[in-house]
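Worksheet: one structure, shown below.
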Number of protein chains: 2
Amino acid sequence: MPITSFTEENYLKIIYKLSAETNAEVSTNAVAELTQTKAASVSDMLRKLSDKQLVHYQKYQGVTLTSEGERVALKVIRKHRLWEVFLVEKLGFNWDEVHDIAEQLEHIDSEELVEKLDEFLAFPQFDPHGDPIPDNSGRMPELRYHTLAEVKEGEAVLMMGVSEHSAAFLQYLAKSGVSLGAEIRIIEINAFDKSLSIQVAQNTPQFISHEVAKNLLVKFK
Amino acid sequence: MPITSFTEENYLKIIYKLSAETNAEVSTNAVAELTQTKAASVSDMLRKLSDKQLVHYQKYQGVTLTSEGERVALKVIRKHRLWEVFLVEKLGFNWDEVHDIAEQLEHIDSEELVEKLDEFLAFPQFDPHGDPIPDNSGRMPELRYHTLAEVKEGEAVLMMGVSEHSAAFLQYLAKSGVSLGAEIRIIEINAFDKSLSIQVAQNTPQFISHEVAKNLLVKFK
DNA sequence: ATATTTTTTTAGATTAATCTAAAATTTAGT
DNA sequence: ACTAAATTTTAGATTAATCTAAAAAAATAT
Ligand SMILES: [Mn+2]
Ligand SMILES: [Mn+2]
Ligand SMILES: [Mn+2]
Ligand SMILES: [Mn+2]
């Protein structure tokens, strides 16, 4: 009954994300990697989404969303992030446990449900990972955060989000006391491997790798 | 990843319901009517469910659930009813608006989600239509309610549920002030067509048809 | 500029769930 | 007990989403 299948919605969401990262046409292989399918399957699906006017697609030239495709993608992302807030705020899940469940809930088809859920959650602006939640017309703030890897010695910033969403990474952060809104001060940066000593809130300083720092989104106070 | 598809789950739920009503083998046509498919499609699916050991099925002899099939069906019914409670109690939906949404939510696959939802709702025993919610091992109370059509003139009963779940019927009841727990007194029964005059709580008496009375589940005080 | 490598598309199958039309079986009516 | 009617199953297609292998196109490297 909905116009788009679960599968089509997942493709649109992935094309949206890749396209937002690069601001360019998305390659068949890039989509195949994220959908966990083969390039041949992606080619088939792109032709189909193109027939439905959800993507602009020229053979061998990559794919971008049409405005209708983007509208659908943003609706799915809105639902995904609202459900994540519900799971964490209301049901008590940890932020590393909600992704797979939200991956299912994002396809539930009911406008009224989304609007009532939004209201029940008091119209949250961000999901548990700091990602902005599109409003019901698809708008969301352009966030211009920095990564912790860009911050200089001695400076203090606020933790605003993550750019890596794996459970392993999120669990590691939780164990390290790094949560949304926490203050992080750079004590020292190792000149050799760019690893850092940081202080989270008033805790004792700890070491983190450059790799970790690159995936932490922060803003200056 | 789950062992059963949405489609298979819907078939199992329907076989469970038909089989609970009649205490006998369920016919192919009966399943076809509720799944909104053709008998040929049902035959195919029954063979498949039988291969998966979820139903006992002998060609031309009807179908019943195996204990594993019943376990799966009860899990789906548990989820359906818990989500309905959530939609009504937490999100403010009316009891006639929740069925189609729960029909989707019942297939979300996460044990932890169901258990946390149950806890969040304070372990409800009944859904918004008075139907009992199976516990996490599939047990639910055998309810021996009567229909309002069996009650005699002058007697008063408590409204406990409905056996018809259409939006039209539920909206009609809501407009008539008939909700779960309400006291209903039979003022008069028309000897010709068995229509009744009833008083709900302290409201002014009103007429309802025998057909309506047959679909109201009540218990004596 | 041509050859090699990489990427992408097409061709041809497969699986799940459905359909229509025809055949088989069961049930019901005399 | 037969015959007719109803029910159920099978045969053969169709659609969505996927795959592997082969062909085509684009990108890269000498
Ligand atoms: Mn998804
Ligand atoms: Mn998130
Ligand atoms: Mn369902
Ligand atoms: Mn219900």
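Just so it is clear: chains get the letters A, B, ... in the order the sequence lines come, proteins before strands, and each one is counted from 1.
- For the 3.5 Å distance criterion, the side chains of A:Ser27 and A:Asn29 fail to qualify, holding no donor opposite an acceptor.
- In this structure, CG of A:Leu46 is placed 12 Å from P of D:dT18, rounded to the nearest angstrom.
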What N/O pairs connect the protein and nucleotides 21-26 of chain D at under 3.5 Å? Give each pair on its own line.
residue	atom	partner	partner atom	Å
D:dA25	O4'	A:Tyr60	OH	3.4

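- In this structure, CG of B:Asp44 is placed 16 Å from P of D:dT14, rounded to the nearest angstrom.
- Counted by atom type alone, A:His107 and A:Asn10 present one or more donor-acceptor pairs between their side chains at under 3.5 Å.
- Put simply, CZ on B:Arg47 is 11 Å from C1' on C:dA16, counting in whole angstrom units.
- Taking atom CE of B:Met45 as the reference point, atom P of C:dC19 lies 11 Å away to the nearest angstrom.
- Spacing between atom NZ of A:Lys38 and atom C1' of C:dT7 amounts to 15 Å, rounded to whole angstrom units.
- Following rounding to the nearest Å, A:Tyr11 (OH) and D:dT18 (C1') show an atom-to-atom distance of 8 Å.
- Residue B:Ser41 is classed as a base contact, given a heavy-atom separation below 4.0 Å to a base.
- One finds the CD1 atom of B:Ile3 at 8.5 Å from the CD atom of B:Glu9 (value rounded to the nearest 0.5 Å).
- The shortest non-hydrogen separation linking B:Gly69 to B:Leu12 is O-CD1, 4.4 Å.
- A salt bridge is absent between B:Glu164 and B:Lys214: the closest approach of a Lys/Arg side-chain nitrogen to an acidic carboxylate oxygen does not fall below 4.0 angstrom.
- B:Glu8 and B:Lys52 are joined by a salt bridge, as a carboxylate oxygen and a charged side-chain nitrogen come within less than 4.0 angstrom of each other.
- Across all strands shown, A:Ser43 has heavy atoms under 4.0 Å from base atoms, whether or not it also approaches the sugar-phosphate.
- Using a 4.0 Å cut-off on heavy atoms, the residues of residues 26-37 of chain B that approach DNA chain D are B:Ser27, B:Thr28, B:Asn29, listed by number.
- Evaluation of the side-chain hydrogen bond (donor to acceptor under 3.5 Å, both in side chains) test over residues 119-130 of chain B, restricted to residues two or more places apart or in two chains, returns B:Glu84-B:His129.
- Using the six-membered ring where Trp is involved, A:Phe86 and B:Trp83 have ring planes that are tilted, between 30° and 60° apart.
- For B:Tyr57 and D:dT8, the OH to P distance is 9 Å, given to the nearest whole Å.
- Taking all atoms of both residues into account, the shortest heavy-atom contact from A:Pro124 to A:Asp118 is CD-OD1, 3.6 Å.
- Spacing between atom CG of A:Leu49 and atom P of C:dT9 amounts to 13 Å, rounded to whole angstrom units.
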